[in-house]
Amino acid sequence: MNGKKGLLLVLSGPSGTGKSTVIAGLMGLRDDIRFSVSATTRAPRPGEQDGRDYYFISREEFLDMIGRDAFLEHAEYVGNFYGTPAAPVEENMRAGFHVLLDIEVQGAAQVMAKRPDAVSVFLAPPSLEELEKRLRGRGTDDDERIARRLEAARRELAQADKYTYTVVNDDANEAARQLDAILTAELCRSDRR
Ligand code: ADP
Ligand code: 5GP
C-alpha cells in the first residue's frame, strides 16, 4: 500500500450468476482487496460461516442497526433484509485496501448516489436458462425460491446499464481476470492519481 485510500468496488448480478465464485477467483489474484461482509436476516446455507460469508442476524438486530445508522446501504431482497455495515468499509479503505461489495441493485443504487467515486460492475449470466441451471445446480433453494430469484433476475438484468462495467460470467476464471483488469485500469486513471 502506498498511503492512498483504497477504491470502493460494487458488484451486482442476479443470485446464482456466480458472484461468490468470481469474487473468490479475484481474491486469489490480488491481496489488496477486502470483501465487505454483509448482515442478513436470511438463514445460512450449508457451508456458510457467520462472520465470513455474512453476519447472520435477527430482524430485531437488523432494525436496531438501521436505527443506529450503522449501514452504508440496506435493502429487502426476496423476503429478507441485507445491509452493508458502514464502519469496516471506511476502516479498510482508509488502510489502503480496495473494498468489494457484493450487493443487489437497490443497495448498489444507494452506494452510487452516496459515493460517486465507487467503481460499479454488473455480473451477468450468459442467459436466463443458464442462470436457472446454476440456481438448480447449487441446490440451496426450493422451486418456489428459484422462481422468485428468476423473477428478480429479470428485473435486475434491466438495470445493467446503470453500472460502469458489465462482465458476463461464462467462464468464472475469465470473469475474475476481467474484474482484475477493471480494477487495474481504474487505479491507472489520471483523475485518481
Ligand atoms: P451467486 O454468488 O451469484 O449467487 P454462486 O457463486 O453461488 O452465485 O454460483 C451459483 C452456482 O453456479 C454455483 O453452484 C457455482 O458453482 C456455479 N457457477 C459459478 N460460476 C460459474 C460458471 N462460470 N460456469 C458454471 N457454473 C458456475
Ligand atoms: P444471497 O441470498 O444469494 O446470498 O444474496 C441475495 C442477493 O442479496 C444478492 O444479489 C446479493 O448480492 C445481495 N446482497 C448481499 N449482501 C447485501 C447487502 O449488504 N446489501 C444489499 N443491498 N444486497 C446484498
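Remember, it's 1-based here, ligands and their atoms both numbered in the order they're listed.
Distances from atom 4 (O) of ligand 2 to the heavy atoms of Tyr54, Phe71, Phe81 show the closest one on Tyr54. Relative to atom 3 (O) of ligand 2, the option among Arg45, Lys19, Arg42 with the closest non-hydrogen atom is Arg45.
With ligand atoms numbered from 1 in the order given, ligand 1 contributes 1 (P), 2 (O), 3 (O), 4 (O), 6 (O), 8 (O) to contacts under 4.0 Å with heavy atoms of Lys19.
A salt bridge links Asp143 to Arg136: at least one charged side-chain nitrogen sits closer than 4.0 Å to a carboxylate oxygen. Salt-bridge annotation for Glu156 and Lys162: absent, with no side-chain N of the basic residue lying under 4.0 Å from a carboxylate O of the acidic one. Of the charged side-chain nitrogens involved, at least one lies within less than 4.0 Å of a carboxylate oxygen, so that Glu186 and Arg189 count as a salt-bridged pair.
Here's the thing with Asp102: none of its N/O atoms is less than 3.5 angstrom from an N/O atom of ligand 1. Where the criterion is an N or O separation shorter than 3.5 Å, residue side chain and backbone included, Asp102 meets it with respect to ligand 2. Considering backbone and side-chain N/O of Ala172, one or more are found under 3.5 Å from N/O of ligand 1. Here's the thing with Ser38: one of its N/O atoms is less than 3.5 angstrom from an N/O atom of ligand 2.
No part of Arg145 comes within 4.0 Å of ligand 2, judged by heavy-atom distances.
Residue contact check for ligand 1: Asp170 places a non-hydrogen atom closer than 4.0 Å to it. Heavy-atom distances between Ser15 and ligand 1 reach below 4.0 Å in at least one pair.
Ranking the protein heavy atoms by distance from atom 11 (C) of ligand 1 puts Arg134 O, 3.8 Å first.
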